Amino acid sequence: VTALIKVGSKVVAATLDGGVFISSDNGSTWASLNDANTLNIAGTSSLSYNATTDELAVINANGLYLLANASTTTAPVYNLVSTGVPSGTALRTITNNGSNWYLATDQGAFVSATGAWTKAATGLATNNVTVVLPFRTSLLAGTIKEGIYTSSANSISWASRNTNFNNLETYAMEASGERIIVAATEK
């Protein structure tokens with residue numbers, strides 16, 4: 001299992017090589033939530049659910065896919081949504097804040113409100129972004145070898161925030177209430 005998230009009252013799991021699965025009984029039983037774009041595709045690594053639009057985003061080895069009506073569908077149809085992302089880009093994580101989607105890649109951070117992606121890298125010292133985390137009205141970006149950056153979610157321009165942060169290779173971030181948890185290793 002590479003990712004677990006809540007989709008409405010259900011739980012969705014991504015598996016590295018098996019695809020996406022959904023449970024309506026808190027994980028006691030699981031059903032396939034796949035189509036040909038997600039079933040048994042290698043590298044399913046990131047999920048994000050937008051409760052505002054009821055859309056589920058899935059990253060796998062073949063690209064970034066979006067599922068509409070994610071909390072209620074029984075016959076999933078995923079659509080490829082990578083317009084604006086350069087071919088060959090390594091997709092790392094997908095998140096959202098209810099209005100915009102944020103994509104972390106080896107070519108920088110990208111933002112989309114409509115399915116067309118725009119690079120949002122002003123101020124980043126590297127394109128090697130591992131995670132973009134919406135937090136309140138801000139965004140945080142984790143990078144490989146350049147630490148953590150913050151930006152307003154409204155006008156993306158990144159600023160380094162590495163004071164007292166000695167582990168500059170950031171691999172994951174999660175927010176809960178007032179706190180942010182960061183997973184990182186030594187540079």
Side-chain angles (χ1 to χ4, degrees), residues 1-120 128-135 139-142 153 170-175 183:
V1 174
T2 56
L4 281 171
I5 61 168
K6 198 93 161 122
V7 173
S9 62
K10 301 172 183 174
V11 178
V12 172
T15 62
L16 189 59
D17 295 324
V20 183
F21 298 87
I22 192 163
S23 174
S24 58
D25 57 10
N26 293 316
S28 292
T29 60
W30 294 90
S32 176
L33 188 64
N34 292 292
D35 71 359
N37 293 310
T38 58
L39 181 62
N40 298 324
I41 303 296
T44 305
S45 60
S46 184
L47 300 172
S48 182
Y49 175 65
N50 185 328
T52 304
T53 61
D54 195 25
E55 294 172 311
L56 176 67
V58 177
I59 292 176
N60 65 27
N62 291 346
L64 171 62
Y65 294 89
L66 198 62
L67 173 65
N69 305 311
S71 66
T72 58
T73 189
T74 56
V77 176
Y78 290 86
N79 294 304
L80 184 64
V81 288
S82 57
T83 302
V85 178
S87 178
T89 298
L91 309 178
R92 295 195 168 121
T93 58
I94 180 84
T95 58
N96 76 86
N97 65 359
S99 299
N100 292 316
W101 293 94
Y102 302 98
L103 184 61
T105 78
D106 67 337
Q107 298 300 310
F110 289 81
V111 62
S112 173
T114 62
W117 294 92
T118 303
K119 191 167 183 177
N128 239 339
V129 179
T130 56
V131 62
V132 177
L133 176 69
F135 183 67
L139 300 172
L140 288 88
T170 306
Y171 291 96
M173 285 190 270
E174 191 59 54

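The figures here come from the full heavy-atom set of this structure, side chains too, leaving out hydrogens, waters and symmetry mates. As the structure is a computational prediction, the values presented were derived from the model and not from experiment.
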Q. Within the side chain of Thr89, is there an N or O that forms a donor-acceptor pair under 3.5 Å with the backbone of Pro86?
A. yes
Q. Do the non-hydrogen side-chain atoms of Ile5 and Leu56 ever get within less than 4.5 Å of each other?
A. yes
Q) Of the non-hydrogen atoms in Ile41 and Ala61, which two are nearest, and what is the gap between them? A) CG2-N, 4.4 Å
Q | Contact check, side chains of Asp106 and Arg92, non-hydrogen atoms, under 4.5 Å | A | yes
Q: Of all the heavy-atom pairs spanning Ala13 and Leu4, show the shortest one and how long it is.
A: CB-CD2, 3.6 Å
Q) Can you name the closest pair of heavy atoms from Phe21 and Ser32 and give their distance? A) CD2-CA, 3.6 Å
Q | Heavy-atom side-chain proximity of Leu80 to Tyr65 below 4.5 angstrom | A | yes
Q | Heavy-atom pair with the smallest gap, counting every atom of Thr93 and Ile59 | A | C-CD1, 3.6 Å
Q) What heavy-atom pair brings Tyr78 and Asp35 nearest, and what distance separates the two atoms? A) N-OD2, 2.8 Å
(Q) Restricting to non-hydrogen atoms, name the atom on Trp101 and the atom on Leu66 that form the minimum distance, rounded to 0.1 Å. (A) CZ2-CD1, 3.7 Å
Q: Report yes or no: does Ser71 contribute a side-chain atom to a donor-acceptor pair with the main-chain N or O of Gly8 at less than 3.5 Å?
A: no
Q. Looking only at atom types and distance, does a side-chain atom of Asn97 sit under 3.5 Å from a main-chain N or O of Pro134, one as donor and one as acceptor?
A. no
**Q.** Side-chain touch Val12/Leu33, heavy atoms, less than 4.5 angstrom
**A.** yes
